[in-house]
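Report on one structure; see the data block that follows.
Note: hydrogens, waters and symmetry copies are ignored here, and every other heavy atom, side chains too, is used. Throughout, residue positions are numbered sequentially from 1 according to the sequence presented.
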Amino acid sequence: MIRPNVLPLEHVPNARDLGGYVGFDGRKIKMHRLLRTGKLCKMTKEDETFLLNYGLTKIIDLRSPKEIKITPDVIPAGVEHIDNPIHGNQNAETDQKIAQLKKTYTKDQYAGFKTMCHQYYSSVSQEYSQKAFRSLLNIFANTKDGAIIFHCSEGKDRTGLATVLILYLLGVDMETIRQDYLFSNLMLGRYQAMMNQKIIDEGGGVVLRANVRSLASVANEYLDTALLLIDEKYDGLDNYIKNVLKIDDELIQSLRELYLEPKKASK
């Protein structure tokens, strides 16, 4: 089991430093550079102070404009903030499918599960989302120093897929990448329990509670929906990154030089 570097933040969900994972050529990812979290709308002054002392210079918000308007980030002084929504423009077919599934949340125990699979499918296949991932990776490649937070709402799905991409480009093995993705379930236990209790308090039945558990979690099947689509439609992750996200070898090399520790000299 992996041991992620969990950040001691009081009111920032699912906060982790990607530093320490072993990447390309046996080089570890640098600490104090790539931070994955959930939303920052409830960040305390103590959280702000910790992050500023940790080297935070940039925040990249992957949420939709509507989410950002409802719960805007707390932005520490001097920190750059960039809106880079992953799901800003789904197509009508995807929206219709999800709307139909939502109508069955009290009847079909698998409706929430199916919604999540649709969401991951959309994140990989929609041009808007592809452009957003490309933009995110370019921002990473043009950030020479300091810590970057990239986040969505709970830091598990949009942030999870973004993390899969950056860890893969940095040469981390796929099993470690998968375990990092699944670790969100351990980080979000309090949130999942709160959502379950909310449904109970509002008189919701067991089927609705089952669906909320699916919506509030990550799962191998969600990630595999994205990865299998990439294999089947785009001929694998390497070709997806090169031909769809338009990430060339030069940018990949830049990412590795910026975020991996220098190779140790041989004795």
Side-chain angles (χ1 to χ4, degrees), residues 14 34 36-41 58-73 80-102 111-143 148-169 177 181 184 214-215 218-219 221-248 251-252 255:
N14 206 0
L34 293 168
R36 58 170 298 175
T37 77
K39 57 185 176 290
L40 308 177
C41 61
K58 191 172 292 184
I59 295 168
I60 307 170
D61 195 334
L62 307 179
R63 298 176 299 163
S64 69
K66 182 178 180 180
E67 289 173 285
I68 293 170
K69 184 177 181 179
I70 294 171
T71 53
D73 282 344
E80 182 182 0
H81 191 275
I82 301 170
D83 293 340
N84 188 55
I86 301 296
H87 292 155
N89 187 26
Q90 292 178 340
N91 67 11
E93 182 182 359
T94 298
D95 285 339
Q96 185 178 16
K97 284 181 180 178
I98 291 176
Q100 289 171 347
L101 287 167
K102 285 181 178 179
F113 178 87
K114 294 172 186 175
T115 293
M116 295 304 298
C117 290
H118 278 305
Q119 200 76 331
Y120 277 67
Y121 189 99
S122 173
S123 295
V124 167
S125 61
Q126 294 302 308
E127 186 178 353
Y128 189 98
S129 300
Q130 294 164 358
K131 287 181 178 178
F133 284 127
R134 182 185 313 134
S135 174
L136 176 67
L137 294 169
N138 274 278
I139 294 169
F140 287 159
N142 287 284
T143 304
I148 308 170
I149 282 179
F150 60 104
H151 78 89
C152 53
S153 179
E154 302 307 322
K156 66 185 183 71
D157 303 307
R158 290 163 287 188
T159 302
L161 283 175
T163 302
V164 168
L165 291 171
I166 186 60
L167 290 181
Y168 183 80
L169 287 171
I177 292 172
Y181 165 80
S184 285
S214 293
L215 295 168
V218 292
E221 292 82 357
Y222 304 161
L223 180 57
D224 285 335
T225 295
L227 295 179
L228 289 171
L229 175 62
I230 287 171
D231 276 347
E232 294 167 3
K233 185 174 181 179
Y234 304 105
D235 197 25
L237 196 48
D238 289 318
N239 284 320
Y240 179 77
I241 289 168
K242 179 180 178 181
N243 300 325
V244 178
L245 300 187
K246 308 297 184 185
I247 302 300
D248 60 23
L251 190 138
I252 294 171
L255 289 169

- [ ] In sequence, state the C-alpha distance, the side-chain angles, and the governing distance for Asn239 and Ile230, and then conclude on side-chain contact (heavy atoms from CB on, under 4.5 Å).
- [x] CA-CA 9 Å; Asn239 284 320; Ile230 287 171; over 6 Å; no
Evaluate the side-chain proximity of [Y] to [X]: yes if any heavy-atom separation is below 4.5 Å, no if none is.
X      : Y      : value
Ser122 : Tyr128 : no
Leu161 : Asp157 : no
Ile177 : Tyr168 : yes
His151 : Leu40  : yes

What distance separates [X] [atom1] from [Y] [atom2], expressed to the nearest 0.5 Å?
X      : Y      : atom1 : atom2 : result
Leu169 : Leu165 : CG    : CG    : 6.5 Å
Tyr234 : Ile241 : OH    : CD1   : 13.5 Å
Leu228 : Leu223 : CG    : CG    : 9.0 Å
Ile166 : Leu255 : CD1   : CG    : 4.5 Å

Open item on the list: Using a 6.0 Å cut-off, check whether atom NZ of Lys242 has over 12 heavy atoms from anything other than its own residue.
Closed with: no
Which donor-acceptor pairs under 3.5 Å do side chains of residues 59-68 form with protein atoms, sequence neighbours excluded?
unit_1, atom_1, unit_2, atom_2, d
Asp61, OD1, Arg63, N, 3.0
Asp61, OD1, Arg63, NE, 3.0
Asp61, OD2, Arg63, NE, 3.3
Asp61, OD2, Arg63, NH2, 2.8
Arg63, NH1, Thr71, O, 2.9
Arg63, NH1, Thr71, OG1, 2.8
Arg63, NH2, Thr71, O, 3.0
Arg63, NH2, Asp73, OD1, 3.3
Ser64, OG, Glu67, N, 3.2
Ser64, OG, Glu67, OE1, 3.1
Glu67, OE1, Ser64, N, 2.9
Glu67, OE1, Arg158, NH1, 2.7
Glu67, OE2, Arg158, NH2, 3.0

- [ ] Specify whether Phe140 and Phe150 have parallel, tilted or perpendicular ring planes, treating 30° as the upper limit for parallel and 60° as the lower limit for perpendicular.
- [x] perpendicular
For [X] and [Y], work out which heavy atoms get closest and say how close.
X      : Y      : value
Thr159 : Thr37  : OG1-O, 3.8 Å
Gly155 : Ser184 : O-OG, 3.7 Å
Lys156 : Tyr181 : O-CE1, 3.7 Å

Name each donor-acceptor pair under 3.5 Å that joins a side chain in residues 130-137 to protein atoms two or more places apart or in another chain, with its distance.
unit_1, atom_1, unit_2, atom_2, d
Gln130, NE2, Val124, O, 3.0
Gln130, NE2, Ser125, O, 3.2
Arg134, NE, Leu245, O, 2.7
Arg134, NH2, Val244, O, 2.9
Ser135, OG, Asn84, OD1, 3.3

Task: Donor-acceptor pair, side chain of Thr225 and main chain of Glu221, under 3.5 angstrom - done: yes
Task: side-chain contact (heavy atoms from CB on, under 4.5 Å) evaluation trace for Tyr120 with Val218 - done: CA-CA 11 Å; Tyr120 277 67; Val218 292; 4.3 Å; yes
Task: Pairwise salt bridge (Lys or Arg N to Asp or Glu O under 4.0 Å) hits with a residue in residues 224-240, at least two apart - done: Arg178-Asp224
